[in-house]
*Asks:* 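Below you will find the structure I want to go over with you.
Keep in mind it's a predicted model, so treat the numbers as computed, not measured. We name chains A, B, ... by the order of the sequence lines, and we start the count at 1 in each one.
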Amino acid sequence: MASVSSQPQFRYTQPPSKVLHLRNLPWECTEEELIELGKPFGKVVNTKCNVGANRNQAFIEFADLNQAIAMISYYASSSEPAQVRGKTVYLQYSNRQEIVNNKTAADVAGNVLLVTIEGADARLVSIDVLHLVFSAFGFVHKITTFEKTAGFQALVQFSDAETATSAKNALDGRSIPRYLLPDHVGPCTLRITYSGHTDLSVKFQSHRSRDYTNPYLPVAPSAIDGSGQFTVGLDGKKLEPESNVLLASIENMQYAVTLDVLHMVFSAFGTVQKIAMFDKNGGVQALIQYPDVATGVVAKEALEGHCIYDGGFCKLHISYSRHTDLSIKVNNDRSRDYTIPNIPMVNTQPSILGQQPVPSMTTPPSHQYTGPQYPPAEQLQQQQGVMPPQPSGGSGSGWGSTVLAGPPQSMPSQMMHSHHHPYMPPPGTVTMPSQIGPGTGMMQLPIQSSLQAPQTVTPYRPDHMQ
DNA sequence: AGCACA
């Protein structure tokens with residue numbers, strides 16, 4: 001028996017049903033819109049949207065058959081067709097008597113999105129690019145990526161379902177903008193549903209998973225350059241191996257950046273063991289040593305492209321150094337070993353020697369940044385004769401509520417000259433990373449810039465999606 | 001623009 005023939009799919013008059021079939025709906029029509037549409041005619045007890053290959057069909061089920069009839073009758077004789085978002089919607093009785101709702105997690109709005117990246121090169125889309133794309137809609141808490149039969153997928157966690165929905169509506173079916181991808185990577189289309197998850201479990205920061213709410217989360221061994229392998233960066237270029245020693249260069253150095261300023265900024269991420277500053281290529285660079293690679297990675301992530309001072313002044317560019325342990329011979333205004341409190345203090349030439357040779361270390365002690373607004377530090381110190389007193393490690397210093405993460409107690413008091421130093425801009429203008437959440441007890445400086453959109457990255461505009 | 005667990 002061919003039961004199909006007894007119920008032709010298309011005909012002008014379907015037998016009435018309290019279920020209505022809608023077609024020609026705008027893309028990604030929501031349940032709310034369906035309910036709005038049906039509400040004037042009765043009680044909508046169930047809906048199903050995004051039906052069909054094009055996901056532009058839907059069903060509305062009324063509580064009562066007469067309500068469905070009322071809706072069909074109204075639009076049958078109305079001069080105005082049924083519309084959703086200005087688009088004409090065609091209605092008819094469904095050939096079924098009720099909506100069978102196999103609501104999967106994918107249909108229930110939640111704060112976590114399941115993203116499938118389609119395309120031959122989907123695997124080459126980095127977690128950083130995904131983060132950038134989804135951050136356009138709100139703070140992204142966590143991302144995990146994985147491979148399944150469906151291909152390369154990611155779970156993206158937002159604060160709430162509303163934010164997730166806005167991202168889903170804007171991005172589902174769209175392609176990642178070309179300029180966010182390396183040249184050799186082909187088009188990558190995003191297919192997005194909701195995930196059943198509400199809170200992802202991210203144990204490590206790695207190339208597969210990130211927790212942006214917790215910059216102190218340990219970096220996974222797999223993401224650390226354990227076997228000499230290189231990780232692939234946002235632009236697909238190979239990056240230097242991660243290191244506990246960072247090389248920071250300072251761009252647009254309108255204000256002098258002192259050793260103490262660097263110490264404070266970098267201490268936000270962990271104990272700074274050593275700092276060495278030197279002049280290179282007409283600018284100032286510094287090597288900053290942490291106890292471990294994980295801290296270096298987090299600090300680099302957070303501070304890259306970050307400006308120490310408001311107004312785009314003293315922008316940091318950070319790379320991993322090949323050094324693992326700096327050899328600081330003397331403590332002076334350009335080099336400091338915070339782990340050894342009593343090495344001799346010499347106020348002359350910097351002496352920085354890592355385990356590997358550092359090129360062009362012999363530089364004149366001149367300050368080459370453009371338009372220094374304050375006299376060089378050495379002159380000041382010599383004029384003053386005495387070093388300013390040590391900040392009390394938290395309160396009362398020129399930096400207000402700064403709580404240094406490192407062990408300042410190991411420092412001889414005469415080493416410190418950050419107390420309301422005339423060499424620095426007024427207290428409170430240092431721009432600190434915003435990722436440091438409350439309760440970490442690390443740092444509570446005024447927060448004036450967001451790391452969600454590093455200045456080094458082309459501003460991402462969701463409306464430029466293809 | 002044409003009926004849903006894929």
*Asks:* Indicate, with a heavy-atom threshold strictly under 4.0 Å, whether Glu98(A) touches base, sugar-phosphate, or nothing.
*Replies:* base
*Asks:* With DNA chain B as reference, determine whether Arg55(A) or Arg23(A) sits nearer its 5' end, using the nearest nucleotide of each.
*Replies:* Arg23(A)
*Asks:* Send over the distance from Lys48(A) NZ to dA4(B) P, rounded to a whole Å.
*Replies:* 10 Å
*Asks:* Is there a donor and acceptor pair, one atom on the side chain of Gln92(A) and one on the base of dG2(B), closer than 3.5 Å?
*Replies:* yes
*Asks:* May I ask you to decide whether Lys300(A) forms a salt bridge with Glu242(A), counting only side-chain N to carboxylate O separations under 4.0 Å?
*Replies:* no
*Asks:* To the nearest Å, how far apart are Asn46(A) CG and dA4(B) C1'?
*Replies:* 12 Å
*Asks:* Once you round it to whole Å, what is the distance between P of dA4(B) and CG of Leu25(A)?
*Replies:* 15 Å
*Asks:* Where the side chain of Ile99(A) is concerned, which of dC3(B), dA4(B), dA1(B) is the nearest nucleotide?
*Replies:* dA4(B)
*Asks:* To the nearest 0.5 Å, tell me how far Tyr74(A) OH sits from Leu91(A) CG.
*Replies:* 11.5 Å
*Asks:* Rounded to whole angstroms, how far apart are OH on Tyr93(A) and P on dA4(B)?
*Replies:* 20 Å
*Asks:* Mind checking Val19(A) for me? I need base, sugar-phosphate or nothing, with any heavy atom below 4.0 Å counting as a touch.
*Replies:* nothing
*Asks:* Enter the distance from Arg174(A):CZ to Leu190(A):CG here, rounded to the nearest 0.5 Å.
*Replies:* 10.0 Å
*Asks:* Does atom NZ of Lys43(A) have more than 12 heavy-atom neighbours from other groups under 6.0 Å away?
*Replies:* no
*Asks:* CG of Asn54(A) versus C1' of dA1(B): gap in Å, rounded?
*Replies:* 10 Å
*Asks:* What's the CD-C1' distance between Gln97(A) and dA4(B), to the nearest Å?
*Replies:* 15 Å
*Asks:* With centres under 5.5 Å and planes under 30° as the test, does Phe59(A) stack with dA4(B)?
*Replies:* yes
*Asks:* Can you measure Asn56(A) atom CG to dA1(B) atom C1' for me and round it to whole angstrom units?
*Replies:* 8 Å
*Asks:* Whether the side chain of Asn244(A) engages the backbone of Tyr290(A) through a donor-acceptor N/O pair (distance < 3.5 Å, no angle test) should be reported.
*Replies:* yes
*Asks:* What's the CZ-C1' distance between Arg96(A) and dG2(B), to the nearest Å?
*Replies:* 14 Å
